Amino acid sequence: MDSSNSDKQNNNQSVNEDPAGVDNEFCPGFKDVDAFVKYGLGTVVAATKASASLPQVGDEYDLYRSFPGFQEFCETQGDGLLHCMSQIMHHHGCRAHMRDRNKLTGLEERFDLVVDSNDVILEKVGILLDDAAGVNRSQQPVMPAGFQPPKIVVSSWNRKGGDSGSGRSSETFRLLQAKNVTRPQLKFREKVDNSNTPFTPKIFVKPNAIKPLPSCRSQRPEDLDVPAALADFIHQQRTQEHVEDMFAHPYQYELDHLALPENLLSKPEPQMYKPLAETKCSFIDTLEDLVAVNEKLAKTSEFAVDLEHHSYRSFLGITCLMQISTRDEDFIIDTLELRSELYILNEAFTDPAIVKVFHGADSDIEWLQKDLGLYIVNMFDTHQASRTLNLGRHSLDHLLKLFCNVDSDKRYQLADWRIRPLPDEMFQYARADTHYLLYVYDRLRVDLWEVGNGQPALLQMVWHKSKDISLKKYMKPLFTEDSYMDLLRKQKKAFNTQQLTAFRLLYGWRDKLARQEDESTGYVLPNHMMIKISDILPKEPQGIIACCNPVPPLVRQQVNELHLLVQQAREMPLLKVRHAWGHAMHWLFLQPEIPLFGPHDTSRVSESDIPSFTPDGKIYLKSIVNINYVDTVKDPGHLTVAQQKACRVVESFQNPFRMYLPSNDIHISKNAKFDPSTKIYELPGITSKCCDCAPASFSE
Ligand code: AMP
Ligand code: MN
Ligand code: ZN
């Protein structure tokens with residue numbers, strides 16, 4: 001922390017030297033945003049470093065932990081941190097009882113809370129940045145400068161280096177609309193399978209197999225004119241194979257039995273990378289060239305791999321480019337053109353004698369499976385190595401700077417990688433992602449060896465973590481009746497029943513259309529627009545259009561369908577569903593057939609969590625979100641008095657209510673009379689007030 005404190009002092013000094021500047025301070029002690037960001041970043045980096053140097057889980061930590069002084073210190077610091085986090089989360093309106101041990105059971109729940117809160121905060125930051133730049137929120141991909149008629153959507157806040165005065169336009173990120181890119185899907189030999197069925201591995205031959213491919217997988221279901229998953233299913237039915245074989249990781253057995261050669265567990269001699277100018281770099285887009293690459297790879301003992309992927313104009317995303325570097329050569333492979341042929345690389349990719357070096361392979365492993373039917377046996381992930389060494393920052397840029405003194409330019413990370421021919425700037429960018437990686441791999445192994453006191457333990461740890469990543473299986477996003485709740489929970493919206501219904505219906509419409517049209521859900525209808533429509537519930541189709549800026553093409557095209565969905569939602573009786581318990585209440589309203597409140601395990605429900613009715617029909621409830629939904633039946637005799645009371649109240653909550661609940665399809669309001677003066681809905685036999693009249697004492 002010392003360095004950042006002195007940063008701040010320096011900063012203060014520079015402010016003090018400029019008396020005129022004091023009035024214009026961005027915030028106390030900081031003359032402008034840059035100074036503040038610099039200080040903030042310094043502090044964060046110092047804190048990250050400090051936390052990385054704490055005793056690690058395992059022996060070291062256990063040893064320290066045996067000292068009461070250390071224990072006490074941990075508790076105090078831990079409480080302080082949780083308090084601090086709670087405050088920040090509270091400030092951003094997120095669910096924030098991080099410190100309350102009664103309300104949260106474990107690390108996992110806390111972690112979820114932090115992840116959710118980060119989403120909320122970052123979403124806000126995004127919106128504010130866009131607002132500041134006068135930009136409409138869109139997730140358009142980045143295109144290289146000058147690639148298309150420069151219809152620049154934004155260029156103020158995203159300038160590199162903040163040198164806005166000098167007009168260095170080449171330093172500007174350009175967010176251009178990718179209107180003229182042909183859809184690569186149209187040329188794919190095998191049609192993309194967006195059906196709502198689980199992903200089955202695209203593998204029909206298995207090089208380097210110890211355990212052969214199950215027979216159900218070993219022939220292509222080519223003559224069936226049905227989606228791949230369905231063809232697989234039919235085939236499997238015919239051959240009576242086990243379902244597990246269909247979905248298993250094809251190289252699970254080989255990975256489980258992977259033994260590393262001794263030479264990989266000793267101190268290596270780093271081999272310097274060849275200068276870019278002296279290295280041959282080929283663009284591979286024919287089968288013939290790919291076969292040649294495969295032969296070269298098979299002769300190496302290690303090579304580096306990276307992928308570029310596009311996810312905006314496709315439902316499942318498309319792997320657009322594969323970069324491979326050996327010690328002598330770089331290859332940029334067109335994975336759009338060679339999509340159906342790339343499986344031949346499995347020969348080298350699954351050869352346990354050849355190391356494949358990746359940086360941050362989690363997504364790559366899934367993309368390789370999803371699009372190309374490729375698997376990796378024997379991987380070294382430099383990101384995992386960086387973490388194991390506690391380097392503080394683990395991005396590729398950082399490693400390149402640290403070991404190669406190369407300033408990488410991440411400007412094209414989010415470029416539209418479908419563009420062909422590939423512009424030279426993107427080609428060079430892609431190449432740099434793997435060109436230096438084998439040298440980085442050498443350097444990291446030296447450090448792992450040395451930090452590990454000349455023992456292979458740290459090296460082994462990295463191989464082990466990398467193997468776990470290779471074992472990851474691609475999972476297709478599957479739509480279920482309540483997938484929309486996951487998204488809604490992240491939005492932290494306090495929706496009433498009508499809004500919830502709209503959100504659910506829009507979510508279903510969007511998912512179906514995205515699969516059908518092979519577009520991302522973000523392209524069909526971005527989350528923030530879906531929230532806005534659900535929030536406002538426009539009466540007219542024009543109102544739906546007004547919620548969207550810019551209007552997504554498919555929304556414009558289907559505005560009448562959308563309008564019908566919103567109308568259907570508006571016919572719901574209005575019942576308030578409040579923030580803290582939105583999730584649970586939602587279940588109650590929209591899934592009435594689920595026996596939510598029965599003789600369930602209420603062991604996690606405290607009295608204050610129990611909803612109660614008041615004579616005026618208002619529902620009071622503090623926090624119901626922690627009710628355990630699992631149907632474990634408890635003998636009432638084993639319940640405490642409070643728990644028994646809880647059960648009774650919960651049951652009394654359900655019974656009078658349920659009979660008036662809509663069916664799952666929600667067509668209720670026909671009999672409901674709404675009195676605009678009192679804002680009360682009268683359903684036969686029950687009175688419930690509209691949201692505006694609900695008491696303010698719901699939330700915590
Ligand atoms: P990289 O491994 O950095 O070359 O990134 C590979 C792919 O990951 C890119 O082509 C993008 O599709 C995606 N990607 C990388 N960084 C981001 C990011 N910050 N946000 C969203 N997608 C990303
Ligand atoms: Mn990558
Ligand atoms: Zn890359």
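We count ligands from 1, going down the list as the structure has it; atoms in each ligand are counted the same way. Note that these values count all heavy atoms, side chains included, but never hydrogens, waters or copies made by symmetry. Fair warning: this is a prediction, and the values are worked out from it, not measured in the lab.
Distance from atom 22 (N) of ligand 1 to its nearest protein heavy atom, with residue and atom name: Leu414 CD2, 3.3 Å. Here the protein heavy atom with the shortest distance to atom 7 (C) of ligand 1 is Trp367 CH2, 3.6 Å.
Less than 4.0 angstrom separates some heavy atom of Lys410 from each of these atoms of ligand 1: 3 (O).
Residues Ile324 and Thr434 are not in side-chain contact: their nearest non-hydrogen atoms beyond the backbone lie 4.5 Å or more apart. Using a 4.5 Å heavy-atom threshold, the side chains of Met322 and Leu374 count as touching.
For Tyr429 against Arg411, the heavy-atom pair with the smallest separation is CE1-N, 4.4 Å.
A side-chain donor-acceptor contact under 3.5 Å links Lys465 and Thr388. A donor atom on one side chain and an acceptor atom on the other are not found under 3.5 Å apart for His435 and Ser325.
Surrounding NE2 of His398 are more than 12 heavy atoms belonging to other residues, nucleotides or ligands, all under 6.0 Å away.
Counting heavy atoms under 4.0 Å from ligand 1, residue Leu307 touches it through the backbone alone. At a heavy-atom distance under 4.0 Å, no atom of Phe358 approaches ligand 1. At a heavy-atom cutoff of 4.0 Å, ligand 1 is contacted by no atom of His359, backbone or side chain.
Ring pair Phe403/Tyr441: centre-to-centre distance not below 6.0 Å.
Between Asp433 and Lys410 there is a salt bridge, with a side-chain nitrogen of the basic residue lying less than 4.0 Å from a carboxylate oxygen of the acidic one.
Residue contacts to the Mn ion (ligand 2): Asp306 brings an N, O or S atom closer than 2.8 Å.
Less than 2.8 Å away from the Zn ion (ligand 3), the protein contributes these N/O/S atoms: Asp306 OD2, Glu308 OE2, Asp433 OD2.
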